[in-house]
Engineer: 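Let me give you the structure first, and then I'll get to my questions.
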Amino acid sequence: MPMVTRLHCVDALQSLAIVPFLVFVVASSGDRSSNFQNCVSACYGDQCHPQTTLSLALRLTRWTCTDDCKYKCMHMLTDTAIRESSTIHQYYGKWPFWRFLGMQEPASVAFSLWNMYYHIQGWRQLRSRMPNAHPMRPYYLTWAIVGINAWFWSAVFHTRDLPNTEKLDYFSAALVILYALYYTVLRFFNQYPTRTRENDRTQRTPAFFLWSSICTAAYLAHVTYLSILPRFDYTYNIAFNLTVGLTHNSLWLLYCLPASLPLIRRFPYKSRTYRPSYASKVVAFAALTTAATALELFDFPPWGRIIDAHALWHLSTAPIAKFWYDFLIQDSLDDGWIEPKR
């Protein structure tokens with residue numbers, strides 16, 4: 001194997017190792033300012049009366065008159081900041097966005113739906129191209145469904161940031177990441193259920209039950225902890241997702257190591273030194289996901305009050321999802337999954 005490929009694998013591992021130490025900061029200096037609070041109070045007194053009626057789009061997306069006042073004051077103060085070339089502030093942890101049909105962040109909604117589309121396409125591709133008897137087929141299909149669910153709730157959350165929509169978004173995202181680690185461990189350590197030739201019965205190993213129980217308990221504990229707290233623990237949520245995501249990526253990076261360094265057996269019916277020609281695609285996936293995540297670090301006021309770094313992150317993850325589905329299908333079609341005839 002060329003030395004350059006070995007270096008790419010090592011570099012990818014090293015780049016992933018620094019991600020947990022990155023700091024995510026959410027500021028909300030705008031809503032704490034006296035100008036904003038005075039504006040909202042005045043707006044509420046002038047416009048929020050029993051006979052006040054909001055548009056149908058705002059009512060359907062659960063805007064209240066107070067919410068509408070906050071929206072108007074936020075943009076009025078942002079207009080002033082732009083005219084005076086002063087600092088543009090965040091409000092309630094978010095940049096000022098122009099809403100559309102009641103959607104708070106229309107660009108992130110659109111890009112979330114784009115991601116959901118690629119997961120739907122991935123599910124269809126897995127069903128049509130992956131062999132029915134492949135041991136990983138049910139797990140990849142389940143992961144696709146979990147992904148579809150996650151991006152649906154992401155779109156809902158970016159439509160209206162409410163306590164329930166926030167939790168549904170975060171809990172669904174955590175499930176996608178944890179389930180990816182779940183199927184990855186099953187795949188690499190050959191702990192997926194298999195069928196016996198004699199009576200065509202499904203066999204499951206004790207390790208399968210143990211790993212399934214650990215992942216189930218971890219997810220339930222994660223959701224319970226974040227649900228019972230008086231305030232959502234964003235720092236813990238980020239740490240949990242990064243830890244699980246990095247473990248998943250690191251396991252797959254072992255897949256691209258040179259044949260001379262066979263730390264894992266990539267396929268059940270090939271030797272440990274067998275390395276498929278497409279193995280380096282894992283490095284591209286790791287690099288792309290790391291680069292996409294880095295977009296969250298370069299936070300900036302939204303362009304035209306429409307697109308910010310978070311929206312660009314959603315934009316970038318959609319083609320990465322397609323890339324990963326293509327890789328999973330290519331990996332599943334490798335003849336290393338086929339038992340040699342005796």
Side-chain angles (χ1 to χ4, degrees), residues 114-154 172-195 202-205 207-209 211-216 218-219 241 244-256 264-270 274-286 288-289 292 317-339:
W114 191 32
N115 276 274
M116 187 174 75
Y117 166 78
Y118 274 126
H119 280 273
I120 293 173
Q121 290 296 100
W123 179 81
R124 290 174 175 170
Q125 290 291 312
L126 290 169
R127 278 178 56 88
S128 63
R129 297 179 59 189
M130 199 169 178
N132 289 332
H134 197 288
M136 293 304 300
R137 177 184 166 93
Y139 300 100
Y140 291 168
L141 287 172
T142 300
W143 182 71
I145 293 171
V146 170
I148 294 168
N149 172 74
W151 286 109
F152 169 79
W153 287 114
S154 174
S172 298
L175 183 59
V176 172
I177 300 169
L178 184 58
Y179 195 87
L181 176 61
Y182 171 69
Y183 77 65
T184 297
V185 170
L186 295 182
R187 187 241 179 273
F188 280 130
F189 298 101
N190 301 321
Q191 295 303 318
Y192 39 76
T194 57
R195 288 187 176 275
T202 301
Q203 289 185 328
R204 295 177 176 84
T205 65
F208 170 82
F209 288 109
W211 177 237
S212 299
S213 300
I214 290 173
C215 289
T216 302
Y219 182 71
N241 289 331
V244 175
L246 287 171
T247 304
H248 166 267
N249 283 9
S250 297
L251 284 173
W252 275 102
L253 284 171
L254 297 178
Y255 186 96
C256 80
I264 61 168
R265 186 176 180 179
R266 297 174 181 85
F267 297 95
Y269 300 111
K270 291 287 187 179
Y274 172 68
R275 181 183 185 277
S277 59
Y278 52 83
S280 295
K281 288 186 177 181
V282 175
V283 181
F285 169 77
L288 289 171
T289 53
T317 54
I320 295 174
K322 182 182 186 306
F323 177 88
W324 188 242
Y325 278 111
D326 290 342
F327 169 79
L328 289 179
I329 291 171
Q330 188 175 16
D331 174 77
S332 69
L333 297 177
D334 194 284
D335 59 9
W337 290 100
I338 302 174
E339 184 176 3

Engineer: Distance-only, no hydrogens or angles: does the Arg275 side chain make a donor-acceptor pair with backbone N or O of Cys256 under 3.5 Å?
Structural biologist: yes
Engineer: Does the side chain of Phe152 come within less than 4.5 Å of Asn115's, by heavy atoms?
Structural biologist: no
Engineer: Please evaluate residues Leu178 and Asn241 with respect to the criterion side chain to side chain contact (heavy atoms under 4.5 Å, CB included), reporting the C-alpha separation (whole Å), side-chain torsions for both, the decisive distance (0.1 Å), and the verdict.
Structural biologist: CA-CA 8 Å; Leu178 184 58; Asn241 289 331; over 6 Å; no
Engineer: Can you measure from CD1 (Ile338) to NE2 (His134) and round to the nearest 0.5 angstrom?
Structural biologist: 9.0 Å
Engineer: Please list, chain by chain and in numerical order, all residues satisfying salt bridge (Lys or Arg N to Asp or Glu O under 4.0 Å) with Lys281, sequence neighbours excluded.
Structural biologist: none
Engineer: Decide side chain to side chain contact (heavy atoms under 4.5 Å, CB included) for Trp252 and Phe188; before the verdict, give the C-alpha distance in whole Å, the side-chain angles of both, and the deciding distance to 0.1 Å.
Structural biologist: CA-CA 9 Å; Trp252 275 102; Phe188 280 130; 3.5 Å; yes
Engineer: Nearest 0.5 Å please: distance from the CG atom of Leu141 over to the CZ atom of Arg124.
Structural biologist: 13.0 Å
Engineer: If we only count heavy atoms from C-beta on, is the Phe267 to Tyr274 side-chain gap below 4.5 Å?
Structural biologist: yes
Engineer: With distance as the sole test, does Ser332 use its side chain to make a donor-acceptor pair with the main-chain N or O of Ile329 at under 3.5 Å?
Structural biologist: yes
Engineer: How many angstroms lie between CD in Gln125 and CD1 in Ile120, if you round to the nearest 0.5 Å?
Structural biologist: 13.0 Å
Engineer: Would you name the heavy atoms of Ile320 and Ala292 that are closest together and state the gap between them?
Structural biologist: CD1-CB, 4.0 Å
Engineer: Does a sphere of radius 6.0 Å around CZ in Arg204 hold more than 12 heavy atoms from other residues, nucleotides or ligands, not counting ones at 6.0 Å or beyond?
Structural biologist: yes
Engineer: Is a donor on one side and an acceptor on the other found under 3.5 Å between the side chain of Trp123 and the backbone of Ile145?
Structural biologist: no
Engineer: I'd like to know if the side chain of Trp211 and the backbone of Tyr182 have a donor-acceptor N/O pair within less than 3.5 Å.
Structural biologist: yes
Engineer: Compute the ring centroids of Tyr255 and Phe285, then answer whether they are less than 6.0 Å apart.
Structural biologist: no
Engineer: Hey, is the main chain of Pro268 close enough, under 3.5 Å, to the side chain of Arg265 for a donor-acceptor pair?
Structural biologist: yes
Engineer: Taking all non-hydrogen atoms of both residues into account, name the closest pair between His248 and Thr184 and its distance.
Structural biologist: CD2-OG1, 3.1 Å
Engineer: Check step by step if salt bridge (charged side-chain N to carboxylate O under 4.0 Å, His left out) holds for Asp335 and Lys270.
Structural biologist: CA-CA 9 Å; Asp335 59 9; Lys270 291 287 187 179; 3.5 Å; yes
Engineer: Tell me the closest heavy-atom pair linking Asp334 and Tyr278, and the distance in Å.
Structural biologist: OD2-OH, 3.0 Å
Engineer: Do Cys215 and Val185 come close enough that some side-chain heavy atom pair is under 4.5 Å?
Structural biologist: no
Engineer: Can any side-chain N or O of Trp337 pair as donor or acceptor with the backbone N or O of Pro135 at less than 3.5 Å?
Structural biologist: no
Engineer: Looking at Ser172 and Tyr219, what are the two nearest heavy atoms and their distance?
Structural biologist: N-OH, 4.4 Å
Engineer: Which residue pairs pass the side chain to side chain donor-acceptor pair (under 3.5 Å) test with at least one member in residues 318-327, sequence neighbours excluded?
Structural biologist: His119-Tyr325, Tyr183-Trp324, Lys322-Asp326
Engineer: Between Phe209 and Ile214, is a side chain to side chain contact (heavy atoms under 4.5 Å, CB included) present by the stated rule, with each step listed?
Structural biologist: CA-CA 9 Å; Phe209 288 109; Ile214 290 173; over 6 Å; no
Engineer: Are more than 12 heavy atoms from other residues, nucleotides or ligands located less than 6.0 Å from atom CZ of Phe323?
Structural biologist: yes
Engineer: With rounding to the nearest 0.5 angstrom, report the CG to CG distance, Leu246 to Leu251.
Structural biologist: 11.0 Å
Engineer: Given the rule in the salt bridge (charged side-chain N to carboxylate O under 4.0 Å, His left out) test, do Arg187 and Asp331 qualify, once you have shown the distances and angles that lead to the verdict?
Structural biologist: CA-CA 11 Å; Arg187 187 241 179 273; Asp331 174 77; 3.0 Å; yes
Engineer: Just by distance, do the side chain of Ser154 and the backbone of Ala150 share a donor-acceptor pair under 3.5 Å?
Structural biologist: no
Engineer: Examine distances only and state if a side-chain atom of Arg137 and a backbone atom of Met130 form a donor-acceptor pair shorter than 3.5 Å.
Structural biologist: yes
Engineer: Would you check, one step at a time, whether the test ring-ring contact (aromatic ring centres under 6.0 Å, His included) holds for Trp143 with Tyr139?
Structural biologist: CA-CA 6 Å; Trp143 182 71; Tyr139 300 100; over 10 Å; no
Engineer: Looking only at non-hydrogen atoms, find the nearest pair between Thr289 and Ala286 and report the distance.
Structural biologist: OG1-O, 2.9 Å
Engineer: If I compare all heavy atoms of Leu333 with all of Arg129, which pair ends up nearest, and what's the gap?
Structural biologist: CD2-O, 3.5 Å
